[in-house]
Amino acid sequence: DQQVKQNSPSLSVQEGRISILNCDYTNSMFDYFLWYKKYPAEGPTFLISISSIKDKNEDGRFTVFLNKSAKHLSLHIVPSQPGDSAVYFCAASDQYQGAQKLVFGQGTRLTINP
Amino acid sequence: EAGVVQSPRYKIIEKKQPVAFWCNPISGHNTLYWYRQNLGQGPELLIRYENEEAVDDSQLPKDRFSAERLKGVDSTLKIQPAELGDSAVYLCASSPGVETQYFGPGTRLLVL
């Protein structure tokens, strides 16, 4: 039972263009969402989060959008840079647990082409 | 500030052998997590500690896996005996609270 799904295993984007990574969830109890970025041979690093009281959160080039009715969130990276090439994981939890009880998606490998 | 330290980084063992992984969390972080990440999947929580207490071990296969966090700092995760399906990356993470988790580089285990 995959409660958090990232249906695109990989994505390739031209440098300078927008990268859009998608994530769907099934558990209606989830109301806190995070994105992590992972380089090879390193652990995941926190990127950005959003709680269900918002539908958008922005941090520099990274913006996360949340559509609660569709149980869908997306991460936008604008403009994409070669250093953004990594695996991106979507994770979900509930507000009570915060980031202490995370359910991760399978990840999407993003490749930024020069 | 030093990050989460894990050792060893790589381990190759034969099935039925025991193996242990060590984690040193970020100083001052009371919460420590162990995850398993299978190839092509996201991390899955095995156990979470608050100081010395294991507060969530519902996903830990207790027949062969054990963990301890003596003195509420370093932690060890053990598998005995290892099976072929245990081949994965074992990640340790720590957090100061509920905001986010900080991950170590992981231990890549290969069971032959």
Side-chain angles (χ1 to χ4, degrees), chain A residues 1-10 21-27 30-51 57 59 62 64 73 75 86-110, chain B residues 1-11 21 23-26 29-51 53-60 88-110:
Chain A
D1 177 26
Q2 192 77 29
Q3 298 185 73
V4 179
K5 298 180 184 179
Q6 294 175 255
N7 292 317
S8 298
S10 63
L21 296 96
N22 294 303
C23 178
D24 297 294
Y25 61 96
T26 57
N27 190 337
F30 290 151
D31 56 9
Y32 184 58
F33 305 91
L34 306 89
W35 285 93
Y36 282 81
K37 175 180 179 179
K38 185 182 182 305
Y39 291 120
E42 295 183 13
T45 55
F46 170 73
L47 198 54
I48 193 169
S49 64
I50 188 168
S51 70
N57 190 26
D59 183 1
F62 302 89
V64 56
L73 63 156
L75 175 69
V87 177
Y88 289 78
F89 291 99
C90 169
S93 180
D94 61 70
Q95 292 277 17
Y96 177 73
Q97 298 273 7
Q100 293 186 306
K101 182 86 173 179
L102 297 179
V103 178
F104 284 86
Q106 309 97 308
T108 295
R109 181 178 301 277
L110 176 64
Chain B
E1 175 183 271
V4 176
V5 179
Q6 291 188 247
S7 70
R9 294 295 309 274
Y10 304 92
K11 190 74 176 178
F21 314 123
C23 174
N24 179 242
I26 293 172
H29 285 193
N30 296 328
T31 308
L32 183 146
Y33 313 77
W34 281 104
Y35 287 88
R36 177 168 59 188
Q37 185 179 9
N38 293 314
L39 190 64
Q41 300 296 315
E44 295 178 312
L45 180 69
L46 291 173
I47 189 168
R48 171 165 65 103
Y49 281 94
E50 292 290 344
N51 299 304
E53 184 182 359
V55 297
D56 185 353
D57 64 354
S58 56
Q59 301 288 87
L60 189 72
V89 176
Y90 290 83
L91 293 162
C92 179
S94 68
S95 67
V98 301
E99 295 82 20
T100 189
Q101 299 180 24
Y102 298 83
F103 285 83
T107 297
R108 185 176 295 275
L109 173 68
L110 178 60

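Below, chain A is the first sequence line, B the second, and so on; all start at residue 1. Keep in mind it's a predicted model, so treat the numbers as computed, not measured.
- Counting all heavy atoms, side chain and backbone alike, A/Pro44 lies closest to B/Leu91 at CD-CD1, 4.2 Å.
- Contact annotation for A/Tyr39: neither backbone nor side-chain heavy atoms come within less than 4.5 Å of a heavy atom of chain B.
- Neither the backbone nor the side chain of B/Asn38 comes within less than 4.5 Å of any heavy atom in chain A.
- Interatomic distance, B/Leu45 CG to A/Phe104 CZ, rounded to the nearest 0.5 Å: 9.0 Å.
- Here the straight-line distance linking atom CD of B/Gln41 with atom CZ of A/Phe89 works out to 9.0 Å at 0.5 Å rounding.
- Interface residue A/Gln2: only side-chain heavy atoms are found under 4.5 Å from chain B.
- For B/Glu50, the part sitting under 4.5 Å from any heavy atom of chain A is the side chain, from C-beta outward, and nothing else.
- Contacts of B/Gln6 with chain A are absent, with no heavy-atom separation under 4.5 Å from either backbone or side chain.
- Within the 4.5 angstrom heavy-atom criterion, no atom of B/Arg108 approaches chain A.
- Using a 4.5 Å cut-off between heavy atoms, B/Thr100 touches chain A through backbone and side chain atoms alike.
- To the nearest 0.5 Å, the span separating NZ on A/Lys38 from CZ on B/Phe103 amounts to 10.5 Å.
- A pairwise comparison of heavy atoms in B/Pro105 and A/Ala41 identifies CB-O, 3.9 Å as the closest pair.
- Between the side chains of A/Thr45 and B/Tyr102, no donor-acceptor pair of N or O atoms lies under 3.5 Å.
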